[in-house]
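The structure under discussion appears below in the form of structure tokens.
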Amino acid sequence: MTGRTHIVGAGIAGISAALAASAEGGEAILYEAAPQAGGRCRTIRPADGFAHDNGTHVLFTANRRALALLKTVGARERWIEPEPKGLPIYDRQAASLRRVGLSPWSWLLSSRRPKGLGLSDLARMLRLVFSSRDCPVAALIGQRPIMESLIGPLTVAVLNTPVSQASSKRLAYALRRLLRPGAGRLLVARNGLSEDLVEPALATLRQRGVSVLSGQRLRAVLTNGERAIGLTLADRTVALGPEDKVVLALPPWEVERLLPALVVPRLFEPILNVHYRVPGLDRLRFIGFTGTLAQWALIRAGHVSVTISAAKAVIDRDPDDLAATIWREIAPALRIVDLDVHPDRQPEARIVKEKRATIRQAAAPLPQPPLQPLADLVLAGDWIGPLPATIESAVTAGEQAVFLLRHGRNAHRPVSPTGIAKTEDAA
Ligand SMILES: Cc1cc2nc3c(=O)[nH]c(=O)nc-3n(C[C@H](O)[C@H](O)[C@H](O)COP(=O)(O)OP(=O)(O)OC[C@H]3O[C@@H](n4cnc5c(N)ncnc54)[C@H](O)[C@@H]3O)c2cc1C
């Protein structure tokens with residue numbers, strides 16, 4: 001690609017675009033509004049030293065584009081499988097932990113089967129996975145025990161949308177990939193999102209000569225007819241040369257502010273995370289929960305991080321009350337995995353509320369703008385295209401954006417009508 005590629009937004013989509021644009025020696029500049037890169041996928045490092053991710057992020061071995069990015073930046077080995085023998089699920093009613101396999105192949109062993117799974121559930125799940133119809137996941141599966149033990153938690157984790165609304169079609173994209181043998185292994189960052197993903201990626205970009213400029217909010221895109229001709233940033237205006245290109249790797253509300261003619265998704269779902277400061281264990285553990293507010297917990301060396309996705313019902317509750325309630329629920333499970341804690345002695349807690357964690361992925365067509373709204377400007381971001389809004393879709397969208405700039409809209413790459421590569425890689 002001749003000319004410079006200006007990438008705005010240093011979240012995962014922008015980082016992915018910058019890696020793609022610089023892969024063959026192309027000149028790229030990455031602008032970010034915040035002081036640090038990573039966007040919704042970052043480590044928070046307060047002055048008191050209690051560092052934790054904004055929220056636990058998991059990848060599956062099915063996420064091939066995300067894993068390829070990790071490999072490119074030398075960080076693949078930093079993402080490890082905390083529970084290779086199956087995910088321990090704590091059932092509050094039974095007050096016990098039971099391992100469940102995430103891959104359907106593992107269900108051949110009765111000890112790894114989700115609670116309540118019957119033959120008729122398998123038929124329903126096959127219908128969910130292979131149907132082209134889009135309807136709420138709850139409507140397709142019905143009120144079955146498997147809803148509580150597997151489908152509900154999985155839907156909320158992947159789509160961050162309540163099962164009563166969540167799109168069966170988007171979930172099916174993820175499930176089809178998890179069906180492949182070896183694709184359902186759950187991975188987490190060994191030390192944290194910044195150390196194990198964002199920082200290695202930035203180091204690779206800098207090695208390639210890419211400038212990464214933080215504190216540079218894009219205020220306006222200057223246009224002339226069908227072209228972008230300038231970018232007004234926090235402290236400078238960048239004039240675009242005739243060969244220059246722009247990738248806007250931004251959330252939908254920012255794209256709408258900058259290019260008001262575009263129609264973008266406007267409904268979002270929150271995720272709430274509570275981080276408890278406890279000594280932890282000498283190896284990572286990951287626990288799922290049923291019958292509790294908490295949906296899963298990651299146990300690290302210095303803290304336990306609890307996630308509640310599709311958290312609308314709890315996001316505005318009193319934080320102290322929430323931290324206390326969740327602690328009482330999860331402490332018995334932590335004790336089972338040998339953590340020296342007590343339900344009545346809640347440790348220091350930090351709550352992170354991501355009110356617009358992802359778009360709402362309901363069973364209805366989502367507004368999608370053209371990927372290339374101007375001749376020299378393309379869009380990227382986890383919300384673009386039909387895949388679940390995750391790291392995988394952000395990486396895919398970044399790569400796709402650069403591909404479009406290089407080869408144009410009609411290039412011969414397997415691109416679906418919505419513009420996302422049909423590589424079947426995302427979960
Ligand atoms: C709590 C939480 C848990 C999650 N868990 C998972 C998980 O387990 N697995 C998974 O795969 N995904 C998970 N996700 C989703 C994942 O984080 C996102 O899909 C991904 O990070 C989106 O990346 P992005 O680059 O598209 O967007 P963003 O991360 O939003 O990046 C956009 C960037 O643009 C910057 N920006 C905004 N406006 C401007 C401007 N005007 N000028 C310059 N810069 C600007 C922002 O500061 C930001 O850095 C989770 C998200 C959250 C919030």
Side-chain angles (χ1 to χ4, degrees), residues 6-18 29-42 44 52-60 62-63 65-67 69 79 154 156-160 174 186-189 193 197-198 201 212-221 231-234 246-259 268-275 286 295-296 298 305-311 315 351-359 361 379-385 387-398 400-401 426-427:
H6 303 265
I7 298 146
V8 188
I12 301 302
I15 286 173
S16 161
I29 306 169
L30 182 56
Y31 307 93
E32 167 58 44
Q36 81 290 327
R40 281 170 279 154
C41 182
R42 68 191 185 283
I44 297 171
H52 51 76
D53 291 338
N54 60 326
T56 301
H57 281 57
V58 305
L59 289 175
F60 287 99
N63 296 147
R65 296 318 312 151
L67 296 191
L69 183 147
W79 283 68
L154 197 64
V156 169
V158 173
L159 298 183
N160 188 31
L186 181 150
L187 309 172
V188 294
L193 294 169
L197 167 52
V198 178
V212 182
L213 307 177
S214 57
Q216 290 296 336
R217 180 164 193 258
L218 178 62
R219 294 187 197 284
V221 177
L231 301 176
T232 308
L233 292 148
V246 179
V247 178
L248 293 189
L250 299 173
W253 59 90
E254 280 294 285
V255 168
E256 189 179 28
R257 180 182 66 77
L258 293 159
L259 301 170
F268 303 90
E269 289 288 338
I271 299 181
L272 183 130
N273 282 268
V274 191
H275 307 275
F286 194 91
Q295 291 160 357
W296 69 51
L298 175 64
S305 297
V306 173
T307 300
I308 303 177
S309 298
I315 199 93
I351 293 195
V352 182
K353 295 178 179 180
E354 294 275 9
K355 291 207 168 176
R356 293 188 283 195
T358 65
I359 53 169
Q361 298 165 82
L379 303 178
D382 66 341
W383 55 279
I384 306 250
L387 306 175
T390 57
I391 292 177
E392 180 74 1
S393 67
V395 172
T396 305
Q400 178 76 34

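The structure displayed is predicted, hence computed values, not measured ones. Every number for a ligand or one of its atoms is a count from 1 in the order of the listing.
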**Report entry** Exercise: do Ser305 and Asn273 side chains pair donor with acceptor under 3.5 Å
**Finding:** no
Query raised in the report: Under a 4.0 Å N-O cut-off, is there an ion pair linking Glu354 with Arg42?
Result: yes
**Report entry** Ionic contact status for Arg217 with Glu254, cut-off 4.0 Å
**Finding:** yes
Ignoring hydrogens, what is the shortest heavy-atom contact between [X] and [Y]? Give both atom names and the distance.
X	Y	answer
Cys41	Leu197	SG-CD2, 3.9 Å
Pro252	Ile359	CG-CG2, 4.1 Å
Ala18	Leu30	CB-CD2, 4.3 Å

If you measure every N/O of [X] against every N/O of ligand 1, is any gap under 3.5 Å?
X	result
Ala34	no
Glu254	yes
Val58	yes
Pro251	no

Touching ligand 1 at all, [X]? Heavy atoms, strictly under 4.0 Å?
X	answer
Thr307	no
Arg257	yes
Arg219	no

Enumerate the atoms of ligand 1 whose separation from the nearest heavy atom of [X] is less than 4.0 angstrom.
X	result
Ile12	21 (O), 23 (O), 25 (O)
Ala394	23 (O), 26 (O)
Gly381	26 (O)
Ala357	53 (C)
Ala249	32 (C), 34 (O)
Leu250	34 (O), 36 (N), 37 (C), 38 (N), 39 (C), 40 (C), 44 (N), 45 (C)
Val8	42 (N), 43 (C)
Asp382	18 (C), 19 (O), 22 (C), 26 (O)

Requested in this report: Without swapping roles, check the side chain of Ser393 against the backbone of Pro388 for a donor-acceptor pair under 3.5 Å.
Outcome: yes
**Report entry** Glu392 side chain to Ala66 backbone, donor-acceptor under 3.5 Å
**Finding:** yes
Query raised in the report: What is the ring orientation for Phe268 with Trp253, classed by angle as parallel under 30°, tilted 30 to 60°, or perpendicular over 60°?
Result: perpendicular
Report summary line: Counting heavy atoms under 4.0 Å, the part of Arg217 that contacts ligand 1 is both
**Report entry** Heavy-atom nearest option to atom 3 (C) of ligand 1, drawn from Gln36, His57, Glu269
**Finding:** His57
Report summary line: Heavy-atom proximity to atom 24 (P) of ligand 1, picking from Glu32, Arg40, Lys353, points to Arg40
Requested in this report: List the steps and the verdict of side-chain contact (heavy atoms from CB on, under 4.5 Å) for Leu187 and Leu67.
Outcome: CA-CA 10 Å; Leu187 309 172; Leu67 296 191; 3.8 Å; yes
Query raised in the report: What distance separates Arg65 CZ from Leu387 CG, expressed to the nearest 0.5 Å?
Result: 12.5 Å
